[in-house]
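Hydrogens, waters and symmetry mates play no part in the numbers below; they use all other heavy atoms, side chains included. For reference, positions follow the sequence shown, starting with 1. All ligand and atom numbering here is 1-based and tracks the order in the structure.
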Amino acid sequence: MSKEERSDITSQRKMEHLMIAKDDSIDLSNSTKWFSYVRLLHNPLPDYSLDDVDTTWKFLGYELNAPLVIEGMTGGHKATMRINESLAEAAQSTRIAIGVGSQRAGLSDRSVISSYSIVRKKAADVPVIANLGISHILGEEGPDNAKKAVEMIDADALAIHLNPLQEILQPEGSTDFSNSLVSIRDVINELDVPVIVKEVGSGISYDVAVLLKEIGVSIIDVAGSGGTSWSLIEGRRSPEGSIKRKASISFADWGIPTPLAILEVSSLNLTVIGSGGVRSGLDAAKCIALGANAAGAARPFFIRAIEEGSKGVEEEIRSFIFEMKSAIFLTGSLTPDQLRLTRKYLLIDPLKSLIDERHIFI
Ligand SMILES: Cc1cc2nc3c(=O)[nH]c(=O)nc-3n(C[C@H](O)[C@H](O)[C@H](O)COP(=O)(O)O)c2cc1C
């Protein structure tokens, strides 16, 4: 297959993903709400003003308004340019971090590069995160691909997404993940920006985080289960009645629920981003109370971008920040860090039992 043919397929696939991702039925947060099993401890006597709450967050050399990330989603097809433009304008005006979607298409087709680089153009003063899948950094070309992805958008970090379930269910997926860990290490050694390792909705466990830390990863975005289901999205691309379509239903909610994934990873002294099914600023505050340094969301911002453009995304971000700030205040904390370090949360079943099963030290 020629480079051009491969790039056409990647580009076409991105459009199919976006069309399917619009459908509410692929969002598990509409059924199982993992964050409803986390309660924050109310403090009715905060001895200061709501205005004293400081949500600012220092990340990748920038001072941001809140510990919030627009998770990597798109780029790679001309039609995605408007979505990325809206997301980037909103990230810039509200001063939060933003990622682009997988840059695989941009590596092989120069004509789609602007659909990614628009993000840096419109979000000049906030962290912009490049994105490649683990399968694109394997082998000899890996470090080179990583460098190109970072340069393409003048990124402040590179997110490498781990997505074995997605690749298994993808009609044209690649399922050989041999040498993943050494390949991530090689990329870390070559790049002069940090590497963030993320999942895409199945979560990262303590054991995997330990391995990642050992090779020098300093930022983990857990992207746990309970939000966008890539199993369901990929399944829709296979014919009804096919083996992969059937498996996509079986594995729809496969993975580590986000609150558990945050607890798994946050004892390791890494920078942790809690994402996967985060649907409000209160959910985001719960991520932080559980031990994350910041929270991230993808689908809520995507939906607002396609329906209303940058104004809608900006409104969604402002709503997230308002709720996050209110929750920090109502727990008697002054900053996200204080909320994180004092761990003012209570767990309810079934999440509590799940966490007990894992014997996590919390
Ligand atoms: C429309 C859409 C496209 C996505 N594309 C990518 C991608 O290219 N690379 C990536 O690492 N994650 C991608 N993701 C996954 C998100 O970054 C995130 O990890 C996951 O959706 C869980 O967050 P959510 O439940 O808030 O949507 C995408 C998510 C959505 C909704």
Side-chain angles (χ1 to χ4, degrees), residues 10-11 13-24 26-35 68-77 79-80 83-84 86-87 97-107 112 115-116 119 129-137 149 153 157-167 170 195-204 220-234 236 252-253 255-259 261 273-280 283-284 287 295-307 313 316-317 320:
T10 309
S11 206
R13 181 171 58 224
K14 182 47 95 179
M15 288 316 289
E16 288 177 25
H17 285 158
L18 297 187
M19 293 306 288
I20 301 168
K22 284 197 231 172
D23 191 329
D24 279 345
I26 59 86
D27 190 339
L28 301 171
S29 74
N30 292 314
S31 46
T32 315
K33 295 186 186 300
W34 283 109
F35 286 103
L68 197 56
V69 180
I70 298 181
E71 297 282 315
M73 283 182 274
T74 195
H77 189 290
T80 63
I83 302 173
N84 264 345
S86 296
L87 295 169
I98 178 169
V100 301
S102 170
Q103 289 167 260
R104 182 185 186 177
L107 292 178
V112 297
S115 67
Y116 302 101
V119 172
I129 303 164
N131 189 296
L132 282 176
I134 183 75
S135 45
H136 317 133
I137 60 125
I153 59 168
L158 169 71
I160 297 175
H161 64 263
L162 312 177
N163 61 342
L165 174 60
Q166 180 183 11
E167 295 286 352
Q170 196 167 92
V195 163
I196 301 173
V197 174
K198 75 187 281 287
E199 237 283 350
V200 297
S202 297
I204 294 179
I220 290 185
D221 181 340
V222 302
S225 85
T228 303
S229 166
W230 280 92
S231 182
L232 290 175
I233 294 179
E234 286 301 349
R236 299 269 171 91
D253 70 345
I256 306 167
T258 301
I273 301 169
S275 73
V278 174
R279 294 295 173 262
S280 67
D283 289 349
C287 289
R299 192 169 179 274
F301 301 128
F302 166 67
I303 297 294
R304 296 294 294 253
I306 51 173
E307 288 178 355
V313 182
E316 190 71 20
I317 297 168
F320 265 69

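Among all non-hydrogen protein atoms, the one lying nearest atom 29 (C) of ligand 1 is Trp230 CZ2, 3.5 Å. Among protein heavy atoms, atom 20 (C) of ligand 1 sits closest to Val200 O, 3.5 Å. Regarding atom 31 (C) of ligand 1, its nearest protein heavy-atom neighbour is Thr228 OG1, 3.9 Å.
Distances shorter than 4.0 angstrom occur between a heavy atom of Ala297 and an atom of ligand 1. Residue-ligand proximity: Gly277 is placed with a non-hydrogen atom under 4.0 Å from ligand 1. Proximity of Lys198 to ligand 1 is established by a heavy-atom distance of less than 4.0 Å.
The proximity of Ala298 to ligand 1, defined as any non-hydrogen pair under 4.0 Å, involves the side chain as well as the backbone. Of all the heavy atoms of Leu18, the ones lying under 4.0 Å from any atom of ligand 1 belong exclusively to the side chain. Contacts between Glu199 and ligand 1, counted as non-hydrogen atom pairs separated by less than 4.0 Å, involve the backbone only. The part of Asn131 lying near ligand 1 is the side chain, judged by heavy-atom distances below 4.0 Å. Proximity of Met73 to ligand 1, defined as any heavy-atom pair under 4.0 Å, is shared by backbone and side chain alike. Contact annotation: for Ser102 versus ligand 1, heavy atoms closer than 4.0 Å belong to both the backbone and the side chain.
Among Val200, Asn131, Asp221, the single residue meeting the side-chain contact (heavy atoms from CB on, under 4.5 Å) criterion with Glu71 is Asp221.
Heavy-atom contacts of Ala223 reach the following atoms of ligand 1: 19 (O) (cutoff under 4.0 Å). For ligand 1 and Gly227, the ligand atoms under 4.0 Å from any heavy atom of the residue are 25 (O). Of all atoms in ligand 1, listed by their number and element, those nearer than 4.0 Å to a heavy atom of Arg279 are 24 (P), 25 (O), 26 (O), 27 (O). Interface atoms of ligand 1 facing Ala21, defined by a heavy-atom separation under 4.0 Å, are 1 (C).
Side-chain atoms of Asn84 and Thr74 include no donor-acceptor pair closer than 3.5 Å. Between the side chains of Ser29 and Arg279, at least one donor N or O sits under 3.5 Å from an acceptor N or O. Defined by atom type and a distance below 3.5 Å, a donor-acceptor pair is present between the side-chain atoms of His17 and Glu234.
Judged by distance alone, the side chain of Ser229 and the main-chain N or O of Ala252 form a donor-acceptor pair under 3.5 Å. The main-chain N or O of Ala297 is never found under 3.5 Å from a side-chain atom of Ser275 such that the two would form a donor-acceptor pair.
Residue Arg299 places at least one N or O, backbone or side chain, under 3.5 Å from an N or O of ligand 1. At least one N or O atom of Gly72, backbone or side chain, sits closer than 3.5 Å to an N or O atom of ligand 1. Residue Ser275 places no N or O, backbone or side chain, under 3.5 Å from any N or O of ligand 1.
What you find for Val313 and Phe301 is that their closest heavy atoms are CG2-O, 3.7 Å. Contact record, Met73 with Leu87: CE-CD1, 4.0 Å, taken as the closest heavy-atom pair. Of all the heavy atoms in Ser115 and His77, the pair that sits closest is CB-O, 3.7 Å.
Salt bridge annotation for Lys33-Asp283: absent, with no cationic side-chain nitrogen under 4.0 angstrom from a carboxylate oxygen. In this structure, Arg299 pairs ionically with Asp24, as a charged nitrogen and a carboxylate oxygen lie closer than 4.0 Å.
One distance of note links CD of Glu199 with CD1 of Ile160; it measures 13.5 Å at 0.5 Å rounding.
Of the candidates Gly99, Gly276, Pro300, it is Gly276 that places a heavy atom closest to atom 22 (C) of ligand 1.
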